[in-house]
Structures are given as C-alpha cells and as structure tokens.
Amino acid sequence: MAENFTTRAENYSQWYNDIVKKADLAENSAVRGCMVIKPYGYAIWEKMQHVLDGMFKETGHSNAYFPIFIPKSFLSREADHVEGFAKECAVVTHYRLKNDPNGGGVIVDPDAKLEEELIVRPTSETIIWSTYKNWIQSYRDLPVLCNQWANVVRWEMRTRLFLRTAEFLWQEGHTAHATAEEARKETATMLNVYADFAEKYMAMPVVRGVKSPNERFAGAIDTYCIEALMQDGKALQAGTSHFLGQNFAKAFDVQFLNKENKLEYVWATSWGVSTRLIGALIMTHSDDNGLVLPPKIAPLQVVIIPIYKNDEQRAAIGEKVDGLMSKLKAKGITVKYDDDDSKRSGWKFNEYEVKGVPVRLAIGPRDLENNQAEVFRRDTLEKRVYNFDNLEEVIENLLVDIQDNLYQRSLKFRDASIRKADTWDEFVSILDNEGGFVYAHWDGTVETEEKIKELAKATIRCIPFDNPLEDGKCILTGQPSKQRVLFARAY
RNA sequence: CGGGGUGUGGCGCAGUUGGUAGCGCGCUACGUUCGGGACGUAGAGGCCGCAAGUUCGAGUCUUGUCACCCCGACCA
C-alpha cells in the first residue's frame, strides 16, 4: 500500500476515521457535528434503504412525510419524552434575516421573532401523534402503519462520522393499534425485520433483546433492540423498536370508538434505524486494507480491470469482457468495467480494495491467451485464476460465498466474545482486557445499573430474548438475581 | 462544560535567533511506461484562521478572537 492506513491494533478509532475518509464515504462539513455523505457512502445508504423499504412494505407499512419543525409545546406533552430530548434540541426562533445596518452582512431580524418557537425534530413522535389524532376516530381506522425516511437533529456534544452526528438520516416507523397485543406484536415484527436485515444483508450478527429501564427510549413502556459487536469489542445498538403503550395517545388525546361503542386510547409503537448502520457495517467487516462490504449491500459487487500495454490489447480485452458483463447484469449483479486509461491497473487494485468491492477481476494479455481471468475476493484477499467460460456462475457463487463467509466470521467472533463473569473483579478484568459482551447477574435495580456504569463504564446492552433463568448473585451488590444480562462498553 | 492539541497551496506537513514562504502527495502538459498505488521533464497554485499590537520589518513575538480535532461528562 502506498498510502499508509492506520491499523486496528495501532489505533482503532483512527483506523475507523481513515476508512471513512479513504473509502470516500463521508467528510466533516462546515457545520460542527454535521457530515457530508459522499456519493459512495450515500450509495450504501441507498442500498440499505431499498432493502428495508421493501421489507416495511412487505409487512404492510406505507411511507409518509411529516414536517421537520415541531411546535415547542408539543414536545412537552409527554413528560419522559421531553426530559429525554430537551437537552439536545435545536430551536428555531426567527423567520427572517435582514441586512446589517452597520454593514456586517446579514443579521437576524429582531422583528421576525416567532410567536411559538419551533423545535427541529429529534424524533417525530409528537408531531405524528398530534396528526394521528385527526386520522383516528374508529376502530375501523386502525391500524395506522406509517414510516418516514427523514433527517433528524440531536445536538450532540461529541460527534463521529456515521456513529453520532448532530444531523443524521434514518427511518422512523410510527404505528397505532386498537389493542396492546397487536402493538406488541408490531414491535416484535419490526425488531425481527431489523435483525433479519442486519444478519442476512449486512452479514452482521445481532443479539435481540429488551432494554433495561435505564436504557429505555424516553416515553416508551418497553424498548427492544438489536445489539451488534464491533471488532474492538465494543457493542453498538443497531436498531430499536419501542412499545409506547398509550403514553402518546394520552398525551395527544388520540382515542377511537371500539366495536362496543366505547372510547379507548390507541396503542402505539415506533421503530428506527439510522445511518449509524453504515458505521456498524464498517466496524463489523473491514480490515487493515480498507473497507469490506458484504455483496448484498455493496453498491458495486464486481469490478473488472483490464491490464494492457497498448490499444490493441485494451480493445481485445474490452471485447472479451463485453459478453461477461451482459451475463453478470442478467443475473442482477452490479458490475463495472474500469478501463480508465488515466489510472494504472495497480492503482485501481488498491482503490477498489480500499472501497471494499467484494470481487475484482483482472484480465491481461496472458489471460486472454489462456481464456482465463484472475479473480480476487476482498474478504479473504485470495486470488485465483478461473477459466473464462462460465465465469459468471463462478462469480455468482463467489458472491454468495463471500456474503456467507463474512457472516460466519463475524458470528464466530461475536460468539467468542460473550463471556460470563461471576465476580466483580472478573467482570472488570474482562471489560478491560478482552472487551466484548459480559454475561453477568444483575439485581434488577436502576441504582445498581447506574453504579456499574459509573464504575466500569459498561452498560446493560439488553436482556436477550429467551434468556434462561438461573439463580445467581448480582455482580456488584451480591443481591439475588434470577438471570444474567448482557453488559458491554458501547458506542 | 472540563483536559489536551491544531490552524501555512486541494490534502498531509516543515518553517531555527523576527529578514525574499518551502517540501511530499495531488493537479496540468509532453514523453517513456503498464500483471499490486510508475518514472522523467516542464508548469499552475498561498492576505500563513481572523483582528489588533510590538517592530524599519511578523508565518515566527504579545493580546484578543474564531474554528476544527482528540480524550472525558451526555447520547442512537
């Protein structure tokens, strides 16, 4: 490599920043904490959006759009909700600028003060529930199953590209149901959609579970999540699904007449994943040579690079590759033939490697002579020469194999990174030395959870579904406990 | 909001006791190259973050100010 990449072992967060920059995914912007998502990074997001959007539609949801601005009074309607978000809200106070009479460019026109300030949405529950109030009168109007793709703003103290930015892109589903059971079922369905997406498309194994009270979404009865493990041993919440009970229905007075002609509050859910998934993707698979993308999320799955000395050779390779390109495209494989003459082949090899393109073909005069091509797979960095005939099938299978290998590799790492601790010393020692998830007993109180967070910098990531019951003693207090929960240091 | 650091061509940096602003990468042109980030030659490109001050003279010294980055507290 001509450009030196920071290795993961040297400095993990620097390595992450290098990947984002060198794979041309995103950059910092003129506005503090906000990012510019560059075309290649955005293409990954579009792939994610496309798959998820299909899954949402498949499960009966429709897209809609609600405004970016929320009247300040709306936010305060649900007590827990406002407490959770108030500290990080951007506020719009004026609607006009004017020329500075002192000649200093433009200034905020003090005469254009808004009567009621507007909050830039940190999430849309309040504006959506104030709207749903008008949509719902009868049980016949239910369920309401909406999703929106949007940007939100949370004024974070410290930001990192994709993982935590002041503005980020996400989708937020907001549903209204006639019964608690139905809403709970919805919450579970969407969590499973996220888990399937993470595992089958991103090749990222996740733990499904429920959040402890301390980690719960502001305004929710229960928060469910999928938790992934990054290569540095830190956990990352990759998606959440909330059962909101009747909290928002009551706050916004959303009632419906049931079949017995009785007025009832509706039951709500909300669920979301964000551009943070791109950060998760990077930290799950990438290596010291750059980005590694699972084929199902890669904007470009196959790149073909000609190696030639003159125009005749270049033309001959182009001709040879033509048929293969059509066959690959017919199989739905995204492929690019890069015969850009201004870049040398070696340069291209590195470029596509850094960008994580799963499969690279190299074809030179020698290959032409022998009716073959050199096939390189990004996940294992292996090179093999294949006969040119039926190469499209080799590639098709290879993409499946890479997808599977990435998942198995991450799964193996994840499973090896779940360790049990039975004493406090053991607990801290694992966190300090190995990282990963620590499966340990907890007495179930918020106080203990907070104390552990303070002392060990680790939080309860979740209580996994189907968690076996087991008598034990709390890792910190020694109080009796019925089950182990998953702790980790987290992003 | 604490602690640390950095602002100098597009990017990464050097710049000594204050004295004509430099290097690498990238960029442009031409040529030679081409199986893992090629090489040569010739070019283009800078109010040294901003504002005051000291000085004959400031990238360099002083003061102020702004911005960004890293480590914490807060968080998806």
Atom pairs under 3.5 Å, N or O on each side, protein against nucleotides 24-34 of chain B: can you list them with distances?
residue, atom, partner, partner atom, Å
B/C34, O4', A/Arg344, NH2, 3.1
B/C34, O2', A/Tyr308, O, 3.1
B/C34, N4, A/Lys309, O, 3.3

Problem set entry | Gap in Å between the two P atoms, one belonging to B/A14 and one to B/G49, rounded | 13 Å
For this session: Over 60° means perpendicular and under 30° means parallel, so classify the ring planes of A/Phe168 and A/Trp170, tilted if in between.
Result: perpendicular
Problem set entry | Length of the OH-P vector between A/Tyr352 and B/G36, whole Å | 17 Å
Exercise. For A/Glu351, which contact category applies under a 4.0 Å heavy-atom criterion: base, sugar-phosphate, or nothing?
Worked result: base
For this session: Would you mind telling me which of B/C70, B/G36, B/A73 lies closest to the side-chain atoms of A/Phe349?
Result: B/G36
Exercise. Does any residue of residues 364-387 of chain A have a heavy atom under 4.0 Å from RNA chain B, and if so, which ones, in number order?
Worked result: A/Gly364, A/Pro365, A/Arg366, A/Asp367, A/Glu374, A/Phe376, A/Lys383
Seminar exercise, completed: Here the distance between atom P of B/A76 and atom CZ of A/Phe85, to the nearest Å, is 7 Å
Problem set entry | Distance, C1' atom - from B/G45 to B/C23, rounded to whole angstrom | 15 Å
Seminar exercise, completed: Contacts of A/Gly33 and A/Phe162 projected onto RNA chain B by closest heavy atom; the upstream (5') one is A/Gly33
Exercise. Does A/Arg377 offer a backbone N or O that forms a donor-acceptor pair with the side chain of A/Lys383 under 3.5 Å?
Worked result: no
For this session: Would you confirm whether A/Tyr491, through its side chain, and A/Gly279, through its main-chain N or O, come within 3.5 Å as a donor-acceptor pair?
Result: no
Exercise. Reckon A/Leu236 touches a base, only the sugar-phosphate, or nothing at all at heavy-atom distances under 4.0 Å?
Worked result: nothing
For this session: Please name the pair of heavy atoms, one in A/Val82 and one in A/Leu75, separated by the smallest distance, quoted to 0.1 Å.
Result: CB-O, 3.2 Å
Exercise. Heavy atoms under 4.0 Å, any strand shown: does A/Phe168 hit a base, just sugar-phosphate, or nothing?
Worked result: base
Problem set entry | Partner residues of A/Ala195 under the side chain to side chain contact (heavy atoms under 4.5 Å, CB included) criterion, sequence neighbours left out | A/Val206, A/Arg208, A/Ile226
Exercise. Do A/Val207 and A/Cys462 have side-chain heavy atoms sitting under 4.5 Å apart?
Worked result: yes
Exercise. Is it the case that A/Arg154 places NZ or CZ above or below the six-membered ring of A/Phe85, under 6.0 angstrom from the centre and within 45 degrees of the axis?
Worked result: no
Exercise. With rounding to whole Å, what would you report as the distance between B/U8 and B/C13 at their C1' atoms?
Worked result: 9 Å
Exercise. Can the ring centres of A/Phe56 and A/Trp271 be said to be less than 6.0 Å apart?
Worked result: yes
For this session: For the pair A/Gln231 (side chain) and A/Thr284 (backbone), establish whether a donor and an acceptor sit closer than 3.5 Å, ignoring hydrogens and angles.
Result: yes
For this session: Enter syn or anti for the glycosidic conformation of B/C70, syn applying to angles within 90° of 0.
Result: anti
Problem set entry | Whole-Å C1' distance, B/G19 and B/G59 | 13 Å
Problem set entry | Closest-nucleotide 5' rank along RNA chain B - winner of A/Ile363 and A/Thr165 | A/Ile363
Problem set entry | Interatomic distance at P, B/G9 relative to B/C50, whole Å | 10 Å
For this session: Take atom CD1 of A/Ile317 and atom P of B/G35, then tell me their distance rounded to the nearest Å.
Result: 12 Å
Problem set entry | Sugar-phosphate, base or nothing in reach of A/Ser13, heavy atoms under 4.0 Å | sugar-phosphate
Problem set entry | With sequence neighbours excluded, residues passing ring-ring contact (aromatic ring centres under 6.0 Å, His included) with A/Phe437 | none
Exercise. Just wondering, more than 12 heavy atoms not from A/Lys21 lying within 6.0 Å of its NZ?
Worked result: no
Problem set entry | A/Asp338 CG to B/G36 C1', straight-line distance once rounded to whole Å | 15 Å
Exercise. Rounded to the nearest Å, what distance is computed from the CG atom of residue A/Leu161 to the C1' atom of nucleotide B/C69?
Worked result: 11 Å
For this session: Please list residues of residues 218-226 of chain A whose heavy atoms come under 4.0 Å from any atom in RNA chain B, ordered by number; otherwise none.
Result: none
Exercise. Base, sugar-phosphate, or nothing for A/Arg360, non-hydrogen atoms under 4.0 angstrom?
Worked result: base
Problem set entry | Reported CG-to-CD1 distance for the pair A/Asp367 and A/Ile307, which is rounded to 0.5 angstrom | 7.0 Å
Exercise. B/C30 and B/G10: how far apart are their C1' atoms, nearest whole angstrom?
Worked result: 24 Å
For this session: Validate the cation-pi geometry between A/Lys211 and A/Phe217: distance from NZ or CZ to the six-membered ring centre under 6.0 Å, angle to the ring axis within 45°.
Result: no
For this session: State, without any angle test, whether A/Arg184 and A/Tyr224 hold a side-chain donor-acceptor pair at a distance under 3.5 Å.
Result: yes
Exercise. Say you pick atom C1' in B/C11 and the same atom in B/A51; how far apart are they, in whole Å?
Worked result: 28 Å
For this session: Remember a base hit wins even if backbone is also touched, and classify A/Glu156 as base, sugar-phosphate or nothing at under 4.0 Å, heavy atoms.
Result: base
Exercise. Which dot-bracket notation, 5' to 3', represents the base pairing of RNA chain B when pairs are defined as Watson-Crick or G-U with both distances under 3.5 Å, crossing pairs as [ ], and inter-strand pairs as |?
Worked result: (((((((..((((.....[..)))).((((((.....)))))).....(((((..]....))))))))))))....
Exercise. NZ of A/Lys38 versus P of B/G10: gap in Å, rounded?
Worked result: 16 Å
Exercise. Rounding to a whole Å, what distance do you find between A/Met230:CE and B/A76:P?
Worked result: 16 Å
Exercise. Reckon A/Lys457 touches a base, only the sugar-phosphate, or nothing at all at heavy-atom distances under 4.0 Å?
Worked result: sugar-phosphate
Problem set entry | Between A/Gln148 and A/Ser124: side-chain donor-acceptor atoms closer than 3.5 Å | yes
For this session: Let me know the distance between CZ of A/Arg32 and C1' of B/C69, rounded to the nearest Å.
Result: 12 Å
Exercise. Taking atom P in both B/C68 and B/C25, what distance in whole Å separates the two?
Worked result: 32 Å
Problem set entry | Exam field: side chain A/His81 to backbone A/Glu125, donor-acceptor pair closer than 3.5 Å | no
